[in-house]
Novice: 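Got a structure for you, questions after.
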Amino acid sequence: MKVSSMTRRDFVRLGAGAVAAGAAVKSTLLEPAALAAEGADRIIRFASIGTGIRGCDLLRAARQVSTGVCVGAADLYETRHQTAKEAWGGEIPTTSDYRTLLDRKDVDAVFVATSDHLHRRVTLDALAAGKDVYCEKPMSHSVADGQAMVHAVQAGKRIFQAGSQRVSSILYAKAREIYASGRLGEVHEIDAQWNRNSPGGAWVYPVPADASPQTVDWASFIKDAPPHPFDPVRFFRWRLFADYGSGLGGDLFVHLLSGIQVITGMNTVASRAYSSGGLYHYKDGRDFPDLLETVYDFPSQDGGIQVHLHCNQNNNDNDERISFFGSKGTLVVTGQSVTFTPQDVTPHFESYGWNGMTVEQRRKGEEEWRAAHPEPPQPVGGAESFTLPKGYNDTADHIANFFRAVVTRQHVVEDEVFGNNAAIGCHMANYSYFHHTVAQWDAAANKIKG
Ligand SMILES: NC(=O)c1ccc[n+]([C@@H]2O[C@H](COP(=O)([O-])OP(=O)(O)OC[C@H]3O[C@@H](n4cnc5c(N)ncnc54)[C@H](O)[C@@H]3O)[C@@H](O)[C@H]2O)c1
């Protein structure tokens with residue numbers, strides 16, 4: 001079903017959790033916005049560069065967005081030319097050399113869904129050809145790559161969007177609204193987790209039988225990486241290797257950090273990050289740990305925020321979850337829901353501290369306390385929960401926002417600065433893990449130092 005065709009079904013009901021928790025949970029189904037409502041006075045002609053797992057997802061999602069049409073696709077593995085056509089659902093010109101797409105005057109914008117190490121090259125070439133760019137996350141493979149990309153976007157006055165699609169999700173918009181309302185009070189702690197427990201979740205992806213130097217343009221794949229003889233495992237499981245991928249930091253931390261950035265409005269880089277972790281199960285020659293934990297120190301208006309990210313590829317107890325711990329309440333964002341639980345912060349007589357006093361001292365203390373607090377405690381409101389409608393696709397919303405920006409020339413939320421900040425968070429996590437030190441962000445030098 002097309003997201004844009006969903007009917008308005010905004011209803012309130014008592015959640016099942018209400019009984020267990022002993023308090024009512026007001027639960028609301030969120031309503032998707034019409035995808036092509038504004039900025040639809042022009043159809044964006046885009047080409048897709050990299051049509052593997054994510055590139056195909058982008059093409060499938062783009063079918064829901066009526067403001068854009070795919071006019072070409074490029075991939076280094078020949079068989080994926082057919083995959084691209086299947087994902088788009090129609091005939092499109094395909095090539096192994098993306099530069100031929102950039103030469104075309106009828107291409108307004110490109111999607112870049114290559115392995116991380118080629119984001120910079122493909123994006124810079126596309127910008128130089130005057131195209132706007134939607135580049136998958138993590139925006140960069142290194143701090144230097146990100147800076148070159150930011151500079152090129154700004155110098156060329158192009159529209160750029162990084163691909164953490166949750167930034168455009170109606171769920172995250174609701175979380176942002178609750179956060180901005182001040183109902184959480186002061187927030188100094190954020191915890192985010194994303195676990196998986198399967199080979200696919202640990203990037204052990206299929207290596208197709210027809211993979212060979214004849215079907216894969218290996219030379220182009222390793223252009224910005226150290227020389228290496230053809231290796232289909234490196235090509236199809238590039239996430240395992242630091243030459244091409246960015247580990248859990250680039251795969252999952254970037255989504256979590258982007259979510260934190262958009263919900264809090266804290267579009268900046270942490271001052272420090274400390275990582276711990278290890279490679280415990282997937283000892284298949286990979287460079288990255290399968291468990292990574294990082295604590296970040298972020299500056300904030302009211303003093304600072306500690307952000308704790310952790311991803312474990314050997315347990316699936318917690319899927320995707322970001323928790324914001326405030327002095328007046330807690331906000332929890334999962335893959336499908338946002339829940340705000342207020343805390344009882346009205347003053348109460350706290351008897352515990354009087355346990356070491358005489359009966360008379362306690363009686364007097366309580367009497368004085370009650371005289372100072374004549375108002376009865378106010379009842380605390382119940383928890384509120386908001387859930388996504390079935391079939392909602394945040395990638396379609398993200399693409400629609402990009403197409404709209406290509407028309408209006410207004411920045412998207414997840415622009416080059418936002419995307420670069422989130423990617424630097426990933427690089428700081430990896431720096432700390434691999435160097436066994438606290439990673440410090442030197443903002444003046446635009447560098448990570450140990
Ligand atoms: N936003 C998300 O939720 C999400 C999900 C998955 C992946 N991603 C990101 O998308 C990107 C691609 O990941 P994937 O899982 O699709 O990888 P993949 O290996 O399945 O696909 C990458 C494709 O890019 C192609 N490619 C590489 N260099 C190219 C070049 N120079 N020209 C043309 N094609 C080229 C490869 O041939 C390959 O088919 C990564 O950066 C990844 O982090 C984002």
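As the structure lists them, so they are numbered: ligands from 1, and atoms in each ligand from 1.
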Novice: For atom 13 (O) of ligand 1, what's the nearest protein heavy atom and its distance?
Specialist: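 The answer is W238 CZ2, 3.5 Å.
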Novice: Quick test: of every protein heavy atom, which one is nearest to atom 41 (O) of ligand 1, and how far off is it to 0.1 Å?
Specialist: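 Here the nearest protein heavy atom works out to D116 OD1, 2.7 Å.
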Novice: Between R80 and ligand 1, is there a nitrogen or oxygen pair with a distance under 3.5 Å?
Specialist: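 There is such a contact, yes.
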Novice: With a 4.0 Å cut-off on heavy atoms, does R239 reach ligand 1?
Specialist: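 True for this residue.
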Novice: Select the closest option to atom 20 (O) of ligand 1 among T51, I53, V122, L252, judged by heavy-atom distance.
Specialist: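 Selected option, by shortest heavy-atom distance: I53.
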Novice: Do me a favour and list the nearest non-hydrogen protein atom to atom 35 (C) of ligand 1 with residue, atom name and distance?
Specialist: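 Minimum-distance protein heavy atom for atom 35 (C) of ligand 1 reads L76 CG, 3.5 Å.
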Novice: Please determine whether a side-chain nitrogen of the Lys or Arg among R237 and D231 lies less than 4.0 Å from a carboxylate oxygen of the Asp or Glu.
Specialist: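 The answer is no: the pair does not qualify as a salt bridge.
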Novice: Between ligand 1 and Y98, is the shortest N or O to N or O distance under 3.5 Å?
Specialist: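 Between Y98 and ligand 1 (N or O atoms, distance only) the closest approach is not under 3.5 Å.
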Novice: Is there a heavy atom in H119 that sits closer than 4.0 Å to ligand 1?
Specialist: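 For ligand 1, residue contact (heavy atoms, under 4.0 Å) with H119 is present.
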Novice: Using a strict 4.0 Å threshold on nitrogen-to-oxygen distance, state whether K137 and E414 make a salt bridge.
Specialist: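 Answer for the salt bridge query: no.
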Novice: Among all protein heavy atoms, pick out the one at the shortest distance from atom 12 (C) of ligand 1; state its residue, atom name and that distance to 0.1 Å.
Specialist: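 Its nearest protein heavy-atom neighbour is A113 O, 3.2 Å.
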Novice: What do we get for R54 next to ligand 1 when only non-hydrogen atoms under 4.0 Å count, side chain, backbone, both or neither?
Specialist: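 Both backbone and side chain.
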Novice: The criterion is side chain to side chain donor-acceptor pair (under 3.5 Å); which residues satisfy it with Y172, sequence neighbours excluded?
Specialist: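 If we apply the side chain to side chain donor-acceptor pair (under 3.5 Å) test to Y172, skipping adjacent residues, there are no hits.
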Novice: Quick check: does S96 get an N/O under 3.5 Å from an N/O on ligand 1?
Specialist: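 Min N/O separation from ligand 1 is not below 3.5 Å for S96.
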Novice: Does R45 pair with D108 as a salt bridge, N-O distance under 4.0 Å?
Specialist: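 No salt bridge links R45 with D108.
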Novice: Does either side chain, that of E136 or that of H119, offer a donor lying less than 3.5 Å from an acceptor on the other one?
Specialist: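 Note: E136 and H119 side chains miss the donor-acceptor criterion.
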Novice: May I ask you to decide whether R239 forms a salt bridge with D251, counting only side-chain N to carboxylate O separations under 4.0 Å?
Specialist: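 Salt bridge between R239 and D251, a charged N being under 4.0 Å from a carboxylate O: yes.
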Novice: Quick one: look up the protein heavy atom nearest atom 3 (O) of ligand 1 and list residue, atom name and how far away it is.
Specialist: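 For this ligand atom, the closest protein heavy atom is Q165 NE2, 3.0 Å.
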Novice: Do N312 and Y280 have a side chain donor and acceptor closer than 3.5 Å?
Specialist: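 No, because no side-chain N or O of N312 sits under 3.5 Å from a partner of the opposite role on Y280.
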Novice: Can you see whether D297 engages Q306 through a side-chain donor-acceptor pair at a distance of less than 3.5 angstrom?
Specialist: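 Checked: D297/Q306 side chains pair up, N/O donor to acceptor below 3.5 Å.
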Novice: H117 vs Y244 aromatic rings, parallel, tilted or perpendicular, using cut-offs 30° and 60°?
Specialist: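 Rings of H117 and Y244: perpendicular, as their planes differ by over 60°.
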Novice: Touching ligand 1 at all, S164? Heavy atoms, strictly under 4.0 Å?
Specialist: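 Per 4.0 Å heavy-atom rule, S164 does not contact ligand 1.
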Novice: Taking distance alone, with N or O pairs closer than 3.5 Å, would you say R166 contacts ligand 1?
Specialist: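 Among all N and O atoms of R166, none is under 3.5 Å from an N or O of ligand 1.
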Novice: List ligand 1 atoms under 4.0 Å from P138, heavy atoms only on the residue side.
Specialist: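 Going through ligand 1 atom by atom, the ones under 4.0 Å from P138 are 43 (O).
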Novice: Any atoms of ligand 1 less than 4.0 Å from a non-hydrogen atom of L118? List them with their elements.
Specialist: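 Selected atoms, number and element: 28 (N).
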Novice: With a 4.0 Å cut-off on heavy atoms, is G163 in contact with ligand 1?
Specialist: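 G163: in contact with ligand 1 (<4.0 Å).
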Novice: Could you tell me whether some N/O pair between S115 and ligand 1 is separated by less than 3.5 angstrom?
Specialist: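 Among all N and O atoms of S115, none is under 3.5 Å from an N or O of ligand 1.
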Novice: Less than 3.5 Å apart, any donor N or O on the side chain of H141 or D116 sitting next to an acceptor on the other?
Specialist: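 No.
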Novice: Would you check the N or O atoms of K137, main chain and side chain alike, for any that come under 3.5 Å of an N or O of ligand 1?
Specialist: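 K137 vs ligand 1: N/O contact under 3.5 Å present.
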Novice: With salt bridge (charged side-chain N to carboxylate O under 4.0 Å, His left out) as the test, would you mind laying out the steps for D132 and R409 before giving the verdict?
Specialist: CA-CA 10 Å; D132 295 318; R409 312 311 294 169; 2.7 Å; yes
Novice: Below 4.0 Å from ligand 1: does a non-hydrogen atom of F235 turn up there or not?
Specialist: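 Heavy atoms of F235 do come under 4.0 Å of ligand 1.
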Novice: For N401 and S168, which I'm curious about, is there any donor-acceptor pair between the side chains at under 3.5 Å?
Specialist: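 Indeed, the side chains of N401 and S168 share at least one donor-acceptor pair under 3.5 Å.
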Novice: Atom 44 (C) of ligand 1: which protein heavy atom is closest, and how many Å away?
Specialist: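 Scanning the protein heavy atoms, the shortest distance from atom 44 (C) of ligand 1 goes to E136 OE1, 3.1 Å.
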